[in-house]
2 protein chains.
Amino acid sequence: MATGRTHRPATRSRGIPEATVARLPLYLRALTALSERSVPTVSSEELAAAAGVNSAKLRKDFSYLGSYGTRGVGYDVEYLVYQISRELGLTQDWPVAIVGIGNLGAALANYGGFASRGFRVAALIDADPAMTGTPVAGIAVQHTDDLDRIISDNGVSIGVITTPPGAAQQVCDRLVAAGVTSILNFAPTVLSVPDGVDVRKVDLSIELQILAFHEQRKAGEEAAAEGVAVVDADAGAGQAPPVRATPTGRKGPDGDMPAVMPA
Amino acid sequence: MATGRTHRPATRSRGIPEATVARLPLYLRALTALSERSVPTVSSEELAAAAGVNSAKLRKDFSYLGSYGTRGVGYDVEYLVYQISRELGLTQDWPVAIVGIGNLGAALANYGGFASRGFRVAALIDADPAMTGTPVAGIAVQHTDDLDRIISDNGVSIGVITTPPGAAQQVCDRLVAAGVTSILNFAPTVLSVPDGVDVRKVDLSIELQILAFHEQRKAGEEAAAEGVAVVDADAGAGQAPPVRATPTGRKGPDGDMPAVMPA
DNA sequence: ATGTCTTTGTGAACGCGTGCACAAAGATAG
DNA sequence: CTATCTTTGTGCACGCGTTCACAAAGACAT
């Protein structure tokens with residue numbers, strides 16, 4: 001998901017596969033629920049079902065962390081919660097700064113799941129001077145001018161970008177310059193960062209478009225199954241015919257191409 | 001990312017790899033930017049740089065759609081925008097329903113990038129009777145009781161779940177029963193759905209935990225590089241020592257395990 | 001028309017992730 | 001102590017995705 005991911009192919013000391021790391025939070029969530037119900041142990045089969053994964057995959061994932069299970073019994077819930085929490089670095093507190101306090105930024109600041117597992121909203125930053133000092137989720141918004149100092153003073157190493165796309169790269173650069181080495185990007189932009197900085201992106205628009213692709217394919221298959229004439233995918237949407245620009249003597253800038261994108 | 005993904009191994013008619021589909025929106029965004037600047041053609045190298053991917057990968061991705069490039073020149077921007085839009089199903093309008101109008105749901109309803117590319121917020125649904133009728137982003141919130149009718153009347157096939165985790169599965173079931181076949185889940189829960197329904201999830205908490213993992217690893221490597229004694233990962237965070245529950249005669253429910261999770 | 005130069009499209013090799021299937025380990029009963 | 005039963009941990013094979021490297025294709029100059 002991360003765009004500017006640094007893969008660190010050789011330096012990887014404790015070789016935990018990326019795919020496994022991405023599933024650990026899932027296991028942790030399921031285990032926490034079991035813990036709250038005071039369930040002492042759980043088998044790989046049960047836990048896998050709760051996390052929505054294959055049990056063999058779960059066992060292999062845990063094998064990367066060490067042998068924490070007991071054959072014939074299963075895994076000790078509390079112990080596993082502790083081990084995964086430690087592996088994910090959740091035994092320490094992570095101060096997080098949110099930059100861009102619009103609709104989404106404010107929603108994230110108010111999001112409960114934030115404060116819970118080891119993460120603490122340490123600062124809210126916005127470029128709008130009118131926002132400065134306004135409390136959001138009980139925290140006063142600070143101005144972008146002080147970004148460097150805010151990051152340094154609070155020891156922030158994880159930044160969340162919820163700015164408009166145009167400002168994202170600039171904010172990213174400033175965060176990195178101030179010492180942030182992990183960025184969660186909600187802005188629909190490709191961020192470029194130096195080596196050693198991790199970027200993960202959350203993109204509503206992309207997710208919807210992926211769903212739309214499958215949705216369209218499902219509709220097409222359904223139509224085909226019902227005997228409706230589906231000549232080719234080119235005729236799929238019944239849209240204006242695509243006028244291919246001739247390779248040589250390409251059409252001028254008159255732009256009579258079909259205007260596909262609504263905005 | 002989807003948990004209940006139906007992989008449809010054989011039925012896949014036009015074999016476009018899932019990884020490629022996930023990148024098409026990225027290409028489309030870069031191409032749209034070029035289009036707005038009236039750039040007529042672009043090479044795979046340039047476009048790949050703009051999208052943050054390898055150029056060979058981009059060419060292979062496009063090869064699944066067909067041969068839309070011209071050797072020695074590159075790709076026609078407008079034509080490619082059209083082809084990708086059609087492939088993703090963005091040449092038609094997708095009415096979307098958002099269920100759970102809290103902080104996040106309201107933020108998404110107000111999100112501009114929603115309405116742009118072919119997606120239209122057709123309905124906002126919430127279980128709180130006090131919310132019913134209240135306009136959010138210019139749309140009146142409707143009550144959960146009418147969910148079935150709302151979905152049917154508006155021909156909604158894509159649902160967005162932004163409810164608290166406890167309500168997510170129930171809402172999901174009702175959406176599916178009403179005819180929704182694609183779900184974007186923001187609730188931190190594993191959704192189980194029947195075959196033929198696609199689920200994609202967006203999980204802030206998981207993303208942060210993945211970042212924390214890498215952040216911790218970076219800090220550990222840095223410390224090791226500076227000559228600080230790092231005995232073992234077990235001593236990494238300097239936390240309370242993990243007391244392994246003895247397999248047999250496991251400790252009683254007195255719960256003197258380290259309380260790792262803050263909440 | 002011919003040659004050069006650019007860029008695409010793809011064959012092939014490689015590596016990662018997944019899932020099966022089973023041996024080893026330990027619990028539990030007799 | 002022995003036998004049986006449950007469940008883990010993992011060797012192995014397979015398939016997908018990525019990347020390299022290059023031949024083919026076309027633009028463009030002469």
Side-chain angles (χ1 to χ4, degrees), chain A residues 1-3 5 7-10 12 15-24 26-27 39-49 51-77 79-80 83 210 244-251, chain B residues 1-3 5 7-10 12 15-24 26-27 39-49 51-77 79-80 83 244-250:
Chain A
M1 281 291 163
T3 306
R5 179 75 54 74
H7 248 308
R8 208 178 326 271
R12 203 171 61 177
I16 300 181
E18 190 61 29
T20 296
V21 173
R23 280 189 293 269
L24 290 182
L26 226 54
Y27 302 145
V39 176
T41 60
V42 66
S43 71
S44 64
E45 205 73 46
E46 292 169 316
L47 187 54
V53 301
N54 184 298
S55 70
K57 194 186 326 196
L58 180 143
R59 288 196 299 275
K60 183 151 292 191
D61 284 342
F62 286 173
S63 79
Y64 292 116
L65 308 182
S67 289
Y68 295 149
T70 305
R71 301 179 188 223
V73 175
Y75 298 91
D76 184 277
V77 171
Y79 186 67
L80 204 45
Q83 289 299 340
I210 295 171
R244 176 73 181 272
T246 52
T248 319
R250 201 182 47 258
K251 56 175 38 188
Chain B
M1 280 293 162
T3 306
R5 178 76 53 78
H7 249 309
R8 205 181 326 273
R12 202 173 56 179
I16 299 183
E18 190 60 29
T20 295
V21 173
R23 279 188 296 268
L24 289 182
L26 226 56
Y27 302 146
V39 177
T41 60
V42 66
S43 71
S44 65
E45 206 71 47
E46 292 169 316
L47 186 55
V53 302
N54 185 299
S55 69
K57 192 182 332 194
L58 178 142
R59 287 197 297 275
K60 183 149 287 190
D61 284 342
F62 285 173
S63 78
Y64 292 116
L65 308 182
S67 289
Y68 295 149
T70 305
R71 301 181 188 220
V73 175
Y75 298 90
D76 185 277
V77 171
Y79 186 68
L80 204 46
Q83 290 298 340
R244 175 75 181 268
T246 53
T248 319
R250 201 184 43 261

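Lettering follows sequence order; numbering is per chain, from 1.
Side-chain contact annotation: A/Thr41 with A/Asp76, donor-acceptor N/O pair under 3.5 Å absent.
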**Request:** Heavy atoms under 4.0 Å is the rule here; annotate nucleotides 3-11 of chain C 5' to 3' with B where the base is hit, S where only the sugar-phosphate is, and - elsewhere.
**Result:** ---BBBBBB
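Between A/Leu65 atom CG and D/dT10 atom P there is a gap of 12 Å when expressed in whole angstrom units. In this structure, the CG atom of B/Asp61 is 12 Å from the C1' atom of D/dT19, given to the nearest Å. Between the CD1 atom of B/Ile16 and the P atom of D/dG17 there is a distance of 12 Å, given to the nearest Å. Distance A/Glu18 CD to D/dT18 C1': 16 Å, rounded to the nearest Å. Atom OH of B/Tyr64 is separated from atom C1' of D/dG17 by 8 Å (rounded to the nearest Å). At whole-Å resolution of the value, CG in A/Leu58 and C1' in D/dG9 are 12 Å apart.
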**Request:** Could you go through the side-chain contact (heavy atoms from CB on, under 4.5 Å) check for A/Ile210 and B/Glu18 one step at a time?
**Result:** CA-CA 9 Å; A/Ile210 295 171; B/Glu18 190 60 29; 4.0 Å; yes
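The shortest side-chain heavy-atom distance between B/Leu80 and B/Tyr27 does not fall under the 4.5 Å cut-off.
Interatomic distance, B/Ile16 CD1 to B/Tyr64 OH, rounded to the nearest 0.5 Å: 10.0 Å.
Centroid-to-centroid, the aromatic rings of A/Tyr75 and A/Tyr68 stay 6.0 Å apart or farther.
Residue B/Asn54 places at least one side-chain N or O under 4.0 Å from the OP1 or OP2 atom of D/dC20.
For the pair A/Thr70 (side chain) and A/Val73 (backbone), a donor-acceptor distance under 3.5 Å is absent.
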